[in-house]
K.L.:
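The following block contains the structure, expressed as structure tokens.
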Amino acid sequence: VTVELVFVLVPLASIVAAIFLIVTLERRRR
Amino acid sequence: MDGDDLVRDYVGRLEAASWPLSPGRRAELAGEVREHIETALAEAGRRDTVTIRNVLERLGRPEEIVASEAETDAAAPGWAAARGPVPSPAVRTWGAVEIAAVLFLTVGVLLPIVGPLLGLLLVWLSSRWVIRDKLIATAIMAVVLVLAMIRLLSFAA
């Protein structure tokens, strides 16, 4: 589970958070 | 301060910050922003203080709106340029901090735990994302961590 957490879940959550932040900033820019 | 006061205050700040723009564009911009606020409130179907605050927060700081407008306002008179740059810290939407934050959150996952945490730290240091965005991004990561911890504890039990 620790391996899954470190190498799968955290990166996945991190990428989802990044996509959310990119979309937010781009929407505001338009 | 009630909702209408919040809108009046916001538009007032916008007008005060828009001195670098041509007079025509200043009035036009204030009108556009007022219209945008009204449309957003009509879509929300509510005019309470919380809704108005959310709408204004999504719009961004008045100084930022003017700064991005000043960049594209070809009609700005020479005196505006002669008086120096727009006095706002946020001229562009994407700055070095924001780019680094997104890189750490994406490519940075190659550094397990450290990369995403640095990315999140940079997100909080950025002035371009509003508090709401920062909280949502943090919550996305926190929820995953909490779920993983619950699973870990249930395995240990």
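Throughout, a chain's letter reflects where its sequence line sits, starting with A, and its residues are numbered from 1.
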K.L.:
Taking all non-hydrogen atoms of both residues, which atom of A:Ala17 and which atom of B:Ala137 are closest, and how far apart?
P.N.:
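Taking every non-hydrogen atom into account, CB-O, 3.9 Å.
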K.L.:
Report yes or no: do A:Ile22 and B:Leu118 belong to one cluster of Ile/Leu/Val/Met/Phe/Trp/Tyr joined by side chain heavy-atom distances under 4.5 Å?
P.N.:
no
K.L.:
Going only through I, L, V, M, F, W and Y residues with side-chain contacts under 4.5 Å, is there a path from B:Leu125 to B:Val123?
P.N.:
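Unlinked, B:Leu125 and B:Val123 end up in two clusters.
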K.L.:
Would you give the length of the straight line joining atom CG of A:Leu9 to atom CG of B:Leu147, rounded to the nearest 0.5 angstrom?
P.N.:
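Answer for the CG-CG pair, A:Leu9 versus B:Leu147, is 8.5 Å.
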K.L.:
If you measure from CG on B:Leu120 to CG on A:Leu21, what distance do you get to the nearest 0.5 Å?
P.N.:
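Answer rounded to 0.5 Å: 8.5 Å.
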K.L.:
For the hydrophobic clusters of this structure (ILVMFWY residues joined by side-chain heavy atoms under 4.5 Å, transitively), does one cluster hold both B:Leu21 and B:Val33?
P.N.:
yes
K.L.:
Out of curiosity, does B:Val97 fall in the hydrophobic cluster containing B:Ile131 (side-chain heavy atoms, cut-off under 4.5 Å, transitive links)?
P.N.:
no
K.L.:
How would you list, by chain and number, every residue that makes a salt bridge (Lys or Arg N to Asp or Glu O under 4.0 Å) with B:Glu57, sequence neighbours excluded?
P.N.:
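Counting only residues at least two positions away or on another chain, B:Glu57 forms no salt bridge (Lys or Arg N to Asp or Glu O under 4.0 Å).
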K.L.:
Hey, quick one: are B:Val107 and B:Trp94 part of the same hydrophobic cluster, counting side-chain heavy atoms closer than 4.5 Å, chains of contacts allowed?
P.N.:
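Shared cluster, yes.
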K.L.:
As an exercise, state the distance from CE of B:Met141 to CG of A:Leu12, rounded to the nearest 0.5 Å.
P.N.:
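It is 10.5 Å, given to the nearest 0.5 Å.
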K.L.:
B:Ile140, B:Val102, B:Asp133: which one forms the most heavy-atom pairs within less than 4.5 Å of chain A?
P.N.:
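The option with the most such pairs is B:Asp133.
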K.L.:
Does any part of the side chain of A:Val10, heavy atoms only, come nearer than 4.5 Å to the side chain of B:Val144, both counted from C-beta?
P.N.:
no
K.L.:
Just wondering, do B:Leu105 and A:Phe20 contact through their side chains at under 4.5 Å, heavy atoms?
P.N.:
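They are not in side-chain contact.
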K.L.:
Could you look at B:Val130 and say if it's the side chain, the backbone, both or neither that has a heavy atom under 4.5 Å from chain A?
P.N.:
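Both backbone and side chain.
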K.L.:
Using 0.5 Å steps for rounding, measure from the CG atom of A:Leu25 to the CH2 atom of B:Trp129.
P.N.:
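One gets 5.5 Å once the value is rounded to the nearest 0.5 Å.
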